[in-house]
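Worksheet for the structure shown next.
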Amino acid sequence: MDLLVTTAARNPELVPLLGDFSPWPTFMLQDQISPLYYADARTAWPEHVLIAVDRDRPDRLVASGYSVPFHWDDDPDAPLPAGGWDEVIRNATLDRLAGRRGNLVSALEISVRPDLRGTGLSSTMLAAMRANAAESGFGTLVAPVRPNAKHHRPKEPVADYAARLRADGLPEDPWLRVHVRAGGVIAGVSVRAMTIAGTLAEWRAWTGLPFDTTGPVEVPGALVPVHCDTAHDHAVYCEPCVWVRHRLD
């Protein structure tokens with residue numbers, strides 16, 4: 001494949017390809033904070049939106065990557081936002097409204113076309129995101145990583161899961177392993193990186209599960225159980241993340 005990885009700023013004609021596919025289960029699309037970024041990311045932060053196409057098939061999206069600058073403590077070693085992914089988007093939006101550029105770049109999403117997963121494209125896109133942040137003048141890229149095999153261990157605390165290592169010393173989780181191989185360092189966890197709440201009827205529609213018993217409900221694709229409360233007719237999911245810090249200078 002003759003891969004072109006560019007940005008929405010450099011090649012705006014490719015922007016209509018974004019959204020060709022979604023890697024997320026339906027319930028993950030109900031986060032109330034994400035529209036603050038995704039509603040206009042292509043025009044508000046086009047230099048931080050990555051688009052990958054095969055030069056021989058430029059009409060088909062191969063992969064995409066979304067990141068955003070945000071202001072955080074001047075000390076790059078300071079603990080990263082306890083609110084994870086959602087807090088980054090809130091901070092970036094407030095920065096934009098206040099006219100601030102931000103002093104860190106945060107990765108938000110890297111997605112690869114389903115039929116091309118497992119071909120190394122995720123590593124390529126992460127390398128491109130690191131390079132793009134560096135070229136934009138930032139010394140650090142951080143990532144509220146959604147560990148992609150955590151859903152197989154929904155009952156395990158995220159800190160314990162993040163500490164799982166293979167015999168070679170690399171993380172057991174495949175996506176964390178990609179980040180560490182690229183030079184990232186695990187810098188902590190957030191237990192509330194994204195919060196999704198809804199009525200029981202909404203959760204039934206999103207998942208196809210009954211949600212008829214109070215207590216934890218294991219939902220396919222969820223990293224931790226969803227808390228169901230039948231007396232009050234609602235269920236809440238607090239998704240964790242693992243913070244990874246990439247030095248670029």
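In the hydrophobic clustering of this structure, I33 groups with V68; members are Ile, Leu, Val, Met, Phe, Trp, Tyr whose side-chain heavy atoms approach within less than 4.5 Å, directly or through other members. Cluster membership for L116 and I51, using ILVMFWY side-chain heavy atoms within less than 4.5 angstrom, is not shared. Both L108 and L223 belong to a single network of hydrophobic side chains, linked directly or stepwise wherever heavy atoms of I, L, V, M, F, W or Y lie under 4.5 Å apart. In this structure, F21 is a member of the same hydrophobic cluster as L18, with clusters built from ILVMFWY side-chain heavy atoms closer than 4.5 Å. W24 and Y237 end up in the same hydrophobic cluster when Ile, Leu, Val, Met, Phe, Trp and Tyr side chains are linked at under 4.5 Å.
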Exercise. Evaluate side-chain contact (heavy atoms from CB on, under 4.5 Å) for F138 paired with L104, printing each intermediate quantity in order.
Key: CA-CA 6 Å; F138 292 91; L104 296 178; 5.7 Å; no

Self-check item: Worked check of side-chain contact (heavy atoms from CB on, under 4.5 Å) between Y161 and H152
Solution: CA-CA 11 Å; Y161 179 82; H152 295 304; over 6 Å; no

Practice problem: For the pair W243 and V189, evaluate side-chain contact (heavy atoms from CB on, under 4.5 Å) and give the outcome as yes or no after the intermediate values. | Solution: CA-CA 5 Å; W243 276 112; V189 301; over 6 Å; no

Quiz item: Could you go step by step and tell me if L176 and V145 meet the side-chain contact (heavy atoms from CB on, under 4.5 Å) rule?
Solution: CA-CA 7 Å; L176 286 175; V145 175; 3.8 Å; yes

Practice problem: Give the intermediate values and the outcome of side-chain hydrogen bond (donor to acceptor under 3.5 Å, both in side chains) for residues R181 and S123. | Solution: CA-CA 9 Å; R181 279 177 169 157; S123 297; over 6 Å; no

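Taking 4.5 Å as the limit, every side-chain heavy atom of I186 sits out of range of all side-chain heavy atoms of H179. Contact check for L29 versus S22: side-chain heavy atoms found under the 4.5 Å cut-off. Residues L17 and R60 are not in side-chain contact: their nearest non-hydrogen atoms beyond the backbone lie 4.5 Å or more apart. Looking at V178 and L126, their side chains come closer than 4.5 Å, going by heavy atoms from C-beta outward. Side chains of V217 and P225 form no contact here, defined as non-hydrogen atoms less than 4.5 Å apart. Side-chain contact between C228 and L200: present, with at least one pair of heavy atoms (C-beta onward) separated by less than 4.5 Å. No side-chain heavy atom of V49 sits less than 4.5 Å from a side-chain heavy atom of T7. In this structure the side chain of L209 reaches within 4.5 angstrom of the side chain of P220, judged on heavy atoms.
Of all heavy-atom pairs between P12 and A9, the closest is CD-O, 3.7 Å. The shortest heavy-atom contact between F211 and R204 is O-NH2, 3.0 Å. Contact between A222 and P154 at its shortest, heavy atoms only, is O-CB, 4.3 Å. The two atoms that bring L248 and A133 nearest to each other are CD1-CB, 3.7 Å, heavy atoms only. Of all heavy-atom pairs between A78 and D73, the closest is CB-CB, 3.8 Å.
H232 and H234 have tilted rings, their planes meeting at an angle from 30° to 60° on a 0 to 90° scale.
Side-chain atoms of T230 and T214 include a donor-acceptor pair closer than 3.5 Å. T199 and D233 form no side-chain donor-acceptor contact under 3.5 Å, judged by distance and modelled atom types alone. Side-chain atoms of R130 and H246 form a donor-acceptor pair, as typed in the model, at a separation below 3.5 Å.
Geometrically, R90 does not engage W85 in a cation-pi contact defined by less than 6.0 Å to the ring centre and at most 45° from the axis. Cation-pi geometry between R101 and F70 is not met at under 6.0 angstrom from the ring centre and within 45 degrees of the axis.
Judged by distance alone, the side chain of D86 and the main-chain N or O of S34 form no donor-acceptor pair under 3.5 Å. The closest donor-acceptor contact from the side chain of N132 to the backbone of L50 lies at 3.5 Å or more, if one exists at all. Judged by distance alone, with hydrogens and angles left aside, the side-chain atoms of W206 form no donor-acceptor pair with the main-chain N or O of M28 at under 3.5 Å. With hydrogens and angles ignored, the 3.5 Å screen pairs no side-chain donor or acceptor of R164 with any backbone N or O of P171. Proximity of a side-chain donor or acceptor of W203 to a complementary backbone N or O of A235 within less than 3.5 Å is detected. No donor-acceptor pair under 3.5 Å is formed between the side chain of Y37 and the backbone N or O of V88. For the pair R245 (side chain) and T140 (backbone), a donor-acceptor distance under 3.5 Å is absent. R177 contributes no side-chain N or O that, together with a main-chain N or O of L170, makes up a donor-acceptor pair within less than 3.5 Å. Between the side chain of R113 and the main chain of A63, no donor-acceptor pair closer than 3.5 Å is present. Panel note: side chain S190, backbone R192; a donor-acceptor pair is recorded below 3.5 Å.
A centroid separation of 6.0 Å or more is found between the aromatic rings of W45 and Y66.
The pair E218-K155 meets the salt-bridge criterion, with a side-chain N (NZ, NE, NH1 or NH2) lying under 4.0 Å from an Asp/Glu carboxylate O. Ion pairing between R10 and E135 holds under the 4.0 Å rule for side-chain N and carboxylate O. A salt bridge links R153 and E172; the closest N-O separation between the charged side-chain nitrogens and carboxylate oxygens is under 4.0 Å. R166 and D173 are not joined by a salt bridge, as no carboxylate oxygen comes within less than 4.0 angstrom of a charged side-chain nitrogen.
Of the candidates M129, E109, E47, S67 forms a side-chain contact (heavy atoms from CB on, under 4.5 Å) with just one, namely M129.
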